[in-house]
Amino acid sequence: MNSVRARGERIAAWLERSDVDVVAIQETKCKAEQFPEQVFTDLGYEVAHHGLSQWNGVAVASRVGLADVQVGFPEQPGFGDPVAPEARAIGATCGGVRVWSLYIPNGRAIDDPHYTYKLRWLDRLRAAGAEWLARDPAAQIALCGDFNVAPQDADVWDMDVFEGSTHVTAPERDAFQAVVDAGFADVVRPYTPGPGVYTYWDYKGLAFPKRKGMRIDFVLASPALARRAAGASVDREERKGKGASDHAPVFVEFASG
DNA sequence: ATGGCAAACCAAGTTTGA
């Protein structure tokens with residue numbers, strides 16, 4: 001969302017308008033003590049946030065319960081010298097669903113150390129997810145967030161522009177698909193077929209009105225949860241107006257079960 | 001109808017994002 005502090009009023013208005021039970025947020029861009037918890041609690045949501053610096057930051061807010069908060073997943077890679085963890089994953093159980101808010105590393109450039117970090121990160125996410133399902137094949141798990149991968153050519157407005165860039169390379173797409181193959185289905189795409197369905201538009205160059213976007217935000221659901229999926233959409237309206245994030249919210253509706 | 005980068009650090013300019 002590109003800063004939770006800069007968009008408190010927009011978040012509150014969106015929560016009231018959208019009437020969601022659970023929301024997974026990425027890029028809060030603040031430390032724990034800076035998080036505006038009251039924005040959520042005032043509207044009846046419990047919230048769990050993980051932030052270490054002005055970068056990254058992830059949160060889960062819920063009005064259907066929020067329990068067993070977990071910061072990071074097992075063997076989640078870190079970055080830097082010395083290697084340090086980053087605030088890119090938080091999990092909580094909300095209404096019987098294990099909800100993960102995930103902010104996959106950007107990758108920056110194909111020859112940048114952040115690119116291999118990104119691939120390593122996705123691989124460890126796959127391993128963690130596979131382990132959760134091995135332990136409980138009936139687990140209801142949602143992997144939500146900014147994956148920073150456009151899995152299909154139709155997920156960017158023009159593949160020629162992305163020649164030599166991150167987000168569309170075969171290793172990134174393979175790493176994303178490996179998470180899917182581990183048992184986590186994209187429950188949004190079936191209800192929002194492309195081309196031209198995006199979740200992110202750059203601030204620069206009139207990207208939004210020109211419809212130059214990318215589909216990089218996903219909700220991947222375990223088999224037991226995916227069976228309950230009843231609808232999905234991208235809230236393109238929220239990208240409009242003053243003070244919008246460069247990402248749009250992604251909705252999924254699940255049948256009670 | 002929309003919006004021409006934005007937000008973090010912190011006080012100028014760099015880093016990050018994708």
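Letters A, B, ... mirror the listed sequences (proteins, then strands); counts begin at 1.
Taking every heavy atom of residues 144-169 of chain A and every atom of DNA chain B, pairs under 4.0 Å involve A/Asp146, A/Asn148, A/His167, by number.
Between B/dA8 and B/dG4, the distance separating the two C1' atoms is 22 Å to the nearest Å. A gap of 13 Å separates the C1' atoms of B/dA18 and B/dC5, to the nearest Å. Spacing between B/dA6 and B/dC10 at atom C1', rounded to whole Å, works out to 16 Å.
Put simply, the side chain of A/Val188 reaches to within 4.5 Å of the side chain of A/Val252, judged on heavy atoms. With a 4.5 Å cut-off on side-chain heavy atoms, A/Arg228 and A/Gln140 count as touching. Between A/Arg236 and A/Trp201, the closest side-chain pair of non-hydrogen atoms falls below 4.5 Å.
Evaluated for a side chain to side chain donor-acceptor pair (under 3.5 Å) with A/Thr199, the options A/Asp155, A/Asp217, A/Asp235 yield exactly one hit, A/Asp217.
Under the 3.5 Å distance criterion, with hydrogens and angles disregarded, a donor-acceptor pair is assigned to the side chains of A/Thr192 and A/Arg215. Between the side chains of A/Asn2 and A/Tyr203, at least one donor-acceptor pair of N or O atoms lies under 3.5 Å.
Within the 4.0 angstrom heavy-atom criterion, no nucleotide atom of any strand lies near A/Gly107.
Rounded to a whole Å, the CD1 atom of A/Ile110 is 12 Å from the C1' atom of B/dA18. The CD1-C1' distance, from A/Ile104 to B/dA18, rounds to 14 Å in whole Å. Distance A/Asp112 CG to B/dT16 C1': 12 Å, rounded to the nearest Å. Going from atom NZ of A/Lys242 over to atom C1' of B/dA1 covers 18 Å, rounded to whole Å. Following rounding to the nearest Å, A/Glu27 (CD) and B/dG17 (C1') show an atom-to-atom distance of 6 Å. We find that OH of A/Tyr115 is positioned 18 Å from C1' of B/dG17, with the value rounded to whole Å. In this structure, A/His114 atom NE2 and B/dT16 atom P are separated by 7 Å, rounded to whole Å. The distance from atom CG of A/Asn56 to atom C1' of B/dA18 is 14 Å, rounded to the nearest whole Å.
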Practice task
Could you run through nucleotides 4-12 of chain B and give me one letter per nucleotide, 5' to 3': B if any protein heavy atom sits under 4.0 Å from the base, S if only the sugar-phosphate is that close, - if neither?
Solution key: SBSBSS---

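In terms of the salt bridge (charged side-chain N to carboxylate O under 4.0 Å, His left out) criterion, residue partners of A/Glu238 (sequence neighbours excluded) are, by chain and number, A/Arg10, A/Arg17.
Ring to ring, A/Phe73 and A/Trp121 are close: their centroids are under 6.0 angstrom apart.
Between A/Arg108 and the phosphate of B/dG17, there is a side-chain N or O to OP1/OP2 separation shorter than 4.0 Å.
Classification of the A/Phe35-A/Phe40 ring pair by plane angle, with boundaries at 30° and 60°, yields parallel.
Along DNA chain B, the nucleotide nearest to A/Lys240 and the one nearest to A/Met214 differ in position, and the one closer to the 5' end is contacted by A/Lys240.
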